[in-house]
Each structure stands twice: as C-alpha cells, then as structure tokens.
Amino acid sequence: MGETRKTTLHTLETAILGKSALLIIDTQNDFVEGGSLAVQGGKSIVPTINKLLSLPGFALRIATKDFHPPDHISFARTHGKEEFADIEIHPPEDLAPDEHDRDTLGPLKQTLWPVHCVQGTPGESLAPGLNVDALDAVVHKGTHKGVESYSAFIDPWGLCPTGLDGILKEGRVDKKSRASGDGSEVEKTQADEGEERVPVKDVFIVGLASDFCVKFTAMDAVREGYEYRTWVITDATKAIKPDEIDKHWEEMKSKGIVLVTVDEVVQKLG
Ligand code: VGL
Ligand code: ZN
C-alpha cells in the first residue's frame with residue numbers, strides 16, 4: 001500500500017509484443033483429488049491448462065514440480081509434530097556453514113504439511129491428463145531436505161535457485177545446461193535448437209496452489225532482479241484455503257501482478 005513502483009501496469013497488448021512463458025505450478029498428483037495434500041477442484045483445472053498449453057502465443061511452456069526428499073523440513077512427520085502446526089526453521093548448516101550467515105538469514109515460520117511430493121513416488125508425478133508433450137522443461141523445487149521453496153524461482157533464504165530464472169532470461173531451454181549445481185535441476189527439455197534467443201518478458205502463472213506456490217512464484221517474478229511482467233490466470237488455479245484467497249489476490253495486485261482470466265488470455269494470445 002502506498003508504495004511507489006517502477007513498473008507501470010501491463011496489459012495483454014504489451015504481452016503479445018514481448019516473449020511470454022506459461023508457468024504451470026505444481027500440478028501434481030499429491031495436490032489433486034486423491035493426493036496427500038489435495039486441493040479441492042485441482043483436477044478440474046487440467047483441461048483448462050491443456051487449452052492454454054495449446055496457444056501459439058507462448059514461447060516457453062514450463063511445469064514445476066514440488067520435489068521433496070522423504071525427510072523434508074516441511075513435513076510434520078519429520079518433526080514428529082501435528083500437521084498444519086507452525087514451527088520456526090533455520091538455514092541448514094551444509095548450505096550456510098557460517099554461523100553468522102545463519103543468524104543473518106534468520107529463522108522462518110514454516111507450516112508443517114502432510115508428507116507430499118516425495119521424489120520418486122507417484123505423488124510427485126504430474127497430474128493425469130496434463131499434456132506433458134507440450135512442455136519445454138520441468139523445473140524442480142524444494143529438493144534440499146533443509147530448505148522449503150514455495151516459489152519456483154528461489155527459496156526465501158536465497159540458498160537454492162531452481163534454474164527457472166536462467167531459462168526465462170535465456171528465452172529457451174539449453175539442452176546442455178540441465179542442472180544448476182545445487183540439487184535443483186531441469187528434468188526434460190524439448191526446445192527447438194534453431195529458436196531465437198530472446199529473453200522472456202511476460203510470465204503467465206497457473207496451477208496449484210493459488211495461496212501458496214502460485215502466489216510466492218508470482219511475488220518473486222515481480223521482485224527486483226527478476227522483474228517480469230507477471231500475470232496470474234486466476235481461473236486456472238485453485239486454493240488450499242479458498243475462503244481466504246481474496247486477501248492473497250489483493251496482495252498480489254498491490255505488487256503489480258495482473259490477474260486475468262483464461263478467456264482473456266485465449267482471446268489475446270490464441
Ligand atoms: C505447496 C504447500 C506445500 C504448493 C507446496 O505447491 O502450493 N503448498 N508445498
Ligand atoms: Zn511442498
């Protein structure tokens with residue numbers, strides 16, 4: 001509120017002039033009906049996302065996966081505590097060996113979740129029916145056992161960038177640079193070798209969940225250093241707590257994120 005912003009509000013007219021990416025956040029088995037952290041209505045957005053995936057207006061189509069080790073810090077089981085309780089977590093010593101650095105980075109509040117999206121389990125697979133053939137890359141997040149990352153760009157301590165920003169800045173997926181060296185990796189690439197290298201300016205975000213990973217990804221996308229023109233396609237997302245989603249939409253809008261509908265995007269980028 002009242003904060004001055006460098007960016008002017010973007011419109012779909014500016015998006016068609018730039019290079020746009022579609023980011024499909026965490027649309028995985030564990031986040032849809034039948035999964036361990038199921039978001040109500042999760043399955044219903046899959047056909048909608050497929051429709052968006054088929055639009056010619058996107059230069060890059062990237063899915064993200066929440067991709068946790070079995071003893072991840074965000075799991076209630078890891079701490080022997082109640083699910084949905086809040087605890088404080090500290091940066092892990094292997095990534096922040098200096099005690100002073102760990103103090104500076106400080107503790108974070110962490111909600112404890114049911115075990116979900118464990119690497120190599122059916123729960124971390126992309127949801128059935130999602131058109132994976134249309135994807136240029138799959139980016140992994142939350143891969144280090146001591147670090148939570150709701151954002152598909154980086155964790156709040158800045159210890160584990162996922163490689164997503166590099167792909168967007170590069171404007172294409174480079175088959176030779178698959179890993180970013182910190183446990184995060186790009187799973188699969190299908191970019192056309194002959195494609196022109198123009199950085200992505202606009203990111204359109206869909207998927208699960210709108211109050212967590214979609215929101216944190218969008219909030220990072222507009223931040224200094226990233227500064228993408230950022231869109232959330234609201235009817236291609238679902239919330240863990242739908243009755244509280246309006247306050248999250250307002251917070252996103254206050255940072256310059258523009259909320260649009262599938263129909264608006266189909267009309268302009270179709
Ligand atoms: C998510 C809670 C825990 C999400 C991931 O994808 O929104 N939420 N891990
Ligand atoms: Zn998670």
Side-chain angles (χ1 to χ4, degrees), residues 3-27 49 52-53 55-65 134-141 149-156 158 160-174 177 180 184 186 189 191 195-237 248-262 264-266 268-269:
E3 157 192 343
T4 35
R5 290 197 47 79
K6 276 180 279 172
T7 49
T8 47
L9 221 56
H10 37 284
T11 66
L12 284 162
E13 268 69 29
T14 57
I16 29 180
L17 301 174
K19 190 158 171 175
S20 300
L22 180 66
L23 300 187
I24 300 148
I25 304 296
D26 301 3
T27 306
I49 293 174
L52 292 166
L53 276 169
L55 298 182
F58 294 113
L60 278 177
R61 298 164 180 84
I62 302 166
T64 69
K65 272 185 172 185
L135 299 174
D136 296 300
V138 178
V139 169
H140 292 157
K141 56 196 261 302
S149 192
Y150 292 143
S151 163
F153 287 95
I154 199 163
D155 64 286
C160 297
T162 60
L164 173 60
D165 188 50
I167 294 174
L168 297 174
K169 295 242 155 76
E170 186 75 350
R172 47 167 283 170
V173 181
D174 189 340
S177 62
S180 60
S184 54
V186 174
T189 66
E195 209 187 309
E196 206 192 340
R197 296 190 178 215
V198 179
V200 165
K201 286 208 176 74
D202 295 85
V203 296
F204 289 79
I205 307 176
V206 301
L208 303 169
S210 44
D211 40 354
F212 286 92
C213 292
V214 167
K215 175 188 177 186
F216 281 78
T217 300
M219 299 289 268
D220 262 357
V222 291
R223 253 179 47 191
E224 203 175 340
Y226 297 108
E227 293 159 272
Y228 295 98
R229 298 188 298 216
T230 306
W231 314 78
V232 175
I233 310 175
T234 54
D235 49 347
T237 71
H248 297 294
W249 294 140
E250 288 309 314
E251 204 182 327
M252 288 182 241
K253 287 199 303 201
S254 78
K255 298 289 182 203
I257 295 157
V258 177
L259 308 181
V260 278
T261 64
V262 174
E264 286 170 323
V265 174
V266 169
K268 293 287 180 180
L269 301 187

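Values below: all heavy atoms of this structure, side chains included; hydrogens, waters and symmetry mates excluded. Sequence positions, counted from 1, serve as the residue numbers for this chain.
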Might you point out which heavy atoms bring [X] and [Y] nearest each other, and give the distance in Å?
X: Ile25; Y: Cys213; value: CG2-CB, 3.6 Å
X: His10; Y: Thr230; value: NE2-O, 2.9 Å
X: Cys160; Y: Asp155; value: N-OD1, 2.5 Å
X: Val262; Y: Ala236; value: CG2-CB, 4.1 Å
X: Ala218; Y: Val232; value: CB-CG2, 3.9 Å

Item to check | Side chains of Asp220 and Tyr150, donor plus acceptor under 3.5 Å | outcome: no

Would you call [X] and [Y] a side-chain contact if the rule is heavy atoms closer than 4.5 Å?
X: Leu55; Y: Val266; result: yes
X: Lys19; Y: Lys201; result: no
X: Tyr226; Y: Ile154; result: yes

Quick one: does [X]'s side chain have a donor or acceptor within less than 3.5 Å of a partner on [Y]'s backbone?
X: Thr162; Y: Phe153; value: yes
X: Lys141; Y: Ser149; value: yes
X: Thr237; Y: Asp235; value: no

Next on the checklist: Give me each pair satisfying salt bridge (Lys or Arg N to Asp or Glu O under 4.0 Å) with a member in residues 202-216, each pair once, sequence neighbours excluded.
Outcome noted: Asp202-Arg229, Lys215-Glu251

Checklist entry - Do Leu22 and Leu53 pass the side-chain contact (heavy atoms from CB on, under 4.5 Å) test, and can you show the C-alpha distance, the side-chain angles, and the key distance before you say yes or no? => result CA-CA 8 Å; Leu22 180 66; Leu53 276 169; 4.0 Å; yes

Checklist entry - Are Phe58 and Asp136 close enough, and set up right, to give a side-chain contact (heavy atoms from CB on, under 4.5 Å), and what steps lead you there? => result CA-CA 11 Å; Phe58 294 113; Asp136 296 300; over 6 Å; no

Next on the checklist: Once you measure the plane-to-plane angle for Trp231 and Phe204, does it fall in the parallel (<30°), tilted (30-60°) or perpendicular (>60°) bin?
Outcome noted: parallel

Separation of [Y] [atom2] from [X] [atom1] (nearest 0.5 Å):
X: Leu164; Y: Lys169; atom1: CG; atom2: NZ; answer: 9.5 Å
X: Ser20; Y: Lys268; atom1: OG; atom2: NZ; answer: 13.0 Å
X: Asp26; Y: Thr217; atom1: CG; atom2: OG1; answer: 7.0 Å
X: Glu264; Y: Thr234; atom1: CD; atom2: OG1; answer: 8.0 Å
X: Ile167; Y: Leu23; atom1: CD1; atom2: CG; answer: 9.5 Å

Checklist entry - Does the pair Val214 and His248 meet the rule for a side-chain contact (heavy atoms from CB on, under 4.5 Å), with working shown? => result CA-CA 10 Å; Val214 167; His248 297 294; over 6 Å; no

Checklist entry - For the side chain to side chain contact (heavy atoms under 4.5 Å, CB included) test, which of Ile62, Val206, Ile205 pairs with Ile24? => result Val206

